[in-house]
Number of protein chains: 2
Amino acid sequence: MRAMSPPVGLPVLAESDLVRQVARRLTDAIVHGRLAPGAKVAEAAVARELGISRAPVREAARLLESQGLLKASPRRGFFVRELSAQEVDELYDLRLCVERHAAVEAARRLTPAARDGLRRQLDLMRDLARRDDPAAIVEADYQFHRLICEAAGNGRLLRLFDGLASELRIVIGLIGRLYDDPGEIARTHEPVLEAIEAGHPERIVAHVDHHLGVARREVVRLVQSLAPNP
Amino acid sequence: MRAMSPPVGLPVLAESDLVRQVARRLTDAIVHGRLAPGAKVAEAAVARELGISRAPVREAARLLESQGLLKASPRRGFFVRELSAQEVDELYDLRLCVERHAAVEAARRLTPAARDGLRRQLDLMRDLARRDDPAAIVEADYQFHRLICEAAGNGRLLRLFDGLASELRIVIGLIGRLYDDPGEIARTHEPVLEAIEAGHPERIVAHVDHHLGVARREVVRLVQSLAPNP
DNA sequence: CAAGCTGAAAGTGTCGACAATCGACGCCTA
DNA sequence: TAGGCGTCGATTGTCGACACTTTCAGCTTG
């Protein structure tokens with residue numbers, strides 16, 4: 001039942017729940033850019049590399065397809081999703097929609113613990129900005145937004161945010177350095193948190209809009225510069 | 001540049017993709033109540049019934065799991081998702097968030113064609129209300145909201161709406177008769193469309209809020225009355 | 001009579017195999 | 001030399017098989 005052939009290289013996966021593990025590994029490879037957009041994900045190759053059979057790989061691929069990380073082309077296989085500038089724009093449109101709501105809700109039911117978590121995350125970002133570690137900053141940025149969604153107290157909203165964010169990571173992981181001035185991130189996040197703490201819905205929406213608007217323009221522009229062909 | 005042979009080769013050959021077909025059948029069975037919430041979906045049984053092997057069934061089940069229609073329990077199989085009143089509430093929260101945005105965007109870029117489509121859909125609902133066909137009314141209701149999301153011109157938003165709606169269908173299909181007064185549906189939709197045509201964001205949001213708020217309370221109440229036991 | 005144990009049946013997780021299909025390469029034809 | 005056609009290898013879609021788990025009915029026991 002276990003793979004008998006001695007596969008070289010990668011550690012053989014533990015049994016059961018292979019699907020989730022494969023999905024995690026593939027996701028990781030995609031958001032970290034080891035699998036570039038458009039790259040083919042051959043089931044046989046993945047299976048060989050992990051020392052398992054193709055069945056779990058196929059199921060994991062379906063999972064990632066439904067999350068928008070892979071694209072299935074019948075009879076041809078799975079490919080890492082390619083995001084056009086317009087699709088990135090659409091994604092940010094939804095993020096705006098979702099995060100406005102999340103921030104307002106988070107303000108309505110802000111617990112001291114959630115507030116502290118957000119403050120700590122902001123401090124962390126300021127710290128990372130000083131050290132100039134682009135990857136860590138992007139991660140911390142993501143976590144800050146995620147904490148807001150978490151504080152909104154709607155589990156499904158959080159899942160939705162994760163889905164949008166993971167799709168965006170396809171391109172963001174590629175970009176590497178998202179902002180020219182790392183310190184800018186902390187500065188644009190701060191008013192968002194302040195507005196949440198103050199609890200003024202209009203100010204919250206305004207600041208979220210501004211912050212995401214800046215990020216959106218940046219990412220869209222970078223995506224366009226990456227793929228300038230029609 | 002090469003000249004592609006047939007400029008319009010519309011009929012893509014029937015994808016021999018069993019997975020999609022199985023997914024469609026299972027989805028159908030769930031939203032039409034033939035598979036009740038909590039029911040076990042045994043792959044072997046489904047495969048036997050359809051005369052195919054288990055592999056495509058498993059993949060289809062994963063697909064539906066990611067859509068929230070099924071729930072996977074490791075080593076035990078797949079079960080039709082059970083929605084608590086709170087989860088339904090959360091779903092409506094997201095619908096509110098998404099449909100507000102969709103309606104405002106739809107108003108911003110309303111084409112005559114989209115406007116006509118919405119008007120026709122409203123007429124259809126009025127018609128169905130007179131005939132008192134609950135299932136058809138629910139379907140027409142769904143289509144009206146979907147048209148608004150379509151008019152918003154964001155493909156991903158539409159997919160998101162479809163996801164939320166299909167989850168809600170688990171319970172709505174169960175309820176059967178959603179409103180006591182069928183004519184009420186048309187009446188609560190009308191101001192939404194009018195606000196969209198008028199193009200006043202605040203009025204749009206207000207009417208969407210009101211309409212969905214009514215529906216939400218109704219569905220949540222019915223779900224609670226259906227499953228008040230632990 | 002209820003509770004716990006036992007064993008078999010059913011079902012899942014995974015595997016290797018096989019036919020159908022796709023893409024690429026090279027050959028033939030103008 | 002450019003373009004179309006057939007063949008070959010590689011990959012996908014699907015299948016049946018097997019070991020391990022879970023479930024459940026029937027039996028034993030307190």
Side-chain angles (χ1 to χ4, degrees), chain A residues 1-8 10-26 29 35 38-66 69-82, chain B residues 1-7 9 11-26 29 35-36 38-66 69-82:
Chain A
M1 106 195 153
R2 204 169 307 241
M4 286 323 228
S5 52
V8 282
L10 289 175
V12 174
L13 297 176
E15 198 179 330
S16 179
D17 222 15
L18 281 186
V19 175
R20 314 270 173 195
Q21 295 189 50
V22 174
R24 250 208 301 277
R25 292 201 178 214
L26 285 178
L35 277 172
K40 180 170 174 58
V41 179
E43 341 176 328
V46 174
R48 264 196 308 274
E49 188 167 339
L50 297 176
I52 61 179
S53 80
R54 281 171 46 219
V57 177
R58 278 180 70 85
E59 294 184 29
R62 292 258 177 234
L63 214 64
L64 297 201
E65 183 201 2
S66 73
L69 291 183
L70 293 182
K71 184 172 179 315
S73 182
R75 299 273 174 205
R76 294 188 50 240
F78 292 91
F79 299 83
V80 177
R81 183 75 180 288
E82 293 182 278
Chain B
M1 289 301 140
R2 107 184 63 213
M4 280 317 194
S5 27
V12 171
L13 259 280
E15 300 179 7
S16 72
D17 209 355
L18 284 186
V19 176
R20 312 273 175 195
Q21 294 187 43
V22 175
R24 276 254 301 278
R25 288 198 184 218
L26 285 178
L35 278 173
K40 180 171 174 58
V41 178
E43 353 176 317
V46 174
R48 267 197 305 273
E49 189 168 334
L50 297 177
I52 61 178
S53 80
R54 281 170 46 217
V57 176
R58 278 180 70 87
E59 293 184 29
R62 292 258 176 233
L63 213 65
L64 297 201
E65 183 200 3
S66 74
L69 291 183
L70 293 183
K71 185 172 178 314
S73 182
R75 298 274 179 202
R76 296 188 50 241
F78 292 91
F79 299 83
V80 178
R81 184 74 181 289
E82 293 182 279

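Keep in mind that this is a model prediction, so the values were computed, not measured. Throughout, protein chains are lettered first and strands after them, A, B, ... in sequence-line order, and every chain is numbered starting at 1.
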*Rounded interatomic separation in angstrom, taking CG from A:Leu70 and P from D:dT12*: 12 Å
*Kindly say if A:Arg76 contacts the phosphate of C:dG23, meaning a side-chain N or O under 4.0 Å from OP1 or OP2.*
yes
*Given C:dG13, is OP1 or OP2 found less than 4.0 Å from the side-chain N or O atoms of B:Arg58?*
yes
*Would you mind reading off the distance between B:Glu65 atom CD and C:dG13 atom C1', rounded to a whole angstrom?*
15 Å
*Counting side-chain heavy atoms from C-beta on, which of C:dT14, C:dT12, D:dC15 comes nearest to B:Pro56?*
D:dC15
_When you measure from the side-chain N and O atoms of A:Arg75 to the phosphate of D:dT11, is any distance below 4.0 Å, counting only OP1 and OP2?_
no
_Interatomic distance, B:Ile52 CD1 vs D:dC15 C1' [rounded to whole Å]_ = 11 Å
*How close or far is atom P of D:dC15 from atom CG of B:Asp17, stated in whole angstroms?*
12 Å
*Salt bridge between A:Glu59 and A:Arg62, side-chain N to carboxylate O under 4.0 Å?*
no
*Rounded off to whole Å, could you give me the CG-to-P distance for the B:Leu18 and D:dT12 pair?*
17 Å
*Relative to the 5' end of DNA chain C, which residue comes earlier, A:Arg54 or A:Glu59, by the nucleotide with the nearest heavy atom?*
A:Glu59
*Do B:Leu69 and B:Val80 have side chains that get closer than 4.5 Å, going by heavy atoms?*
no
_Here's a test of your reading of the structure: between B:Glu43 and B:Ala55, which maps to the more 5' nucleotide of DNA chain C?_
B:Glu43
*asked:* Within this structure, what is the CG-CG distance for the pair B:Leu50 and B:Leu26, rounded to the nearest 0.5 Å?
replied: 7.5 Å
_Could you report the tightest heavy-atom contact between A:Phe78 and A:Glu43, atom names first, then the distance?_
CE1-OE2, 4.1 Å
*asked:* If I take atom CZ in residue B:Phe79 and atom P in nucleotide D:dT22, what distance separates them, rounded to the nearest angstrom?
replied: 12 Å
*asked:* If I take atom NZ in residue A:Lys40 and atom C1' in nucleotide C:dC22, what distance separates them, rounded to the nearest angstrom?
replied: 9 Å
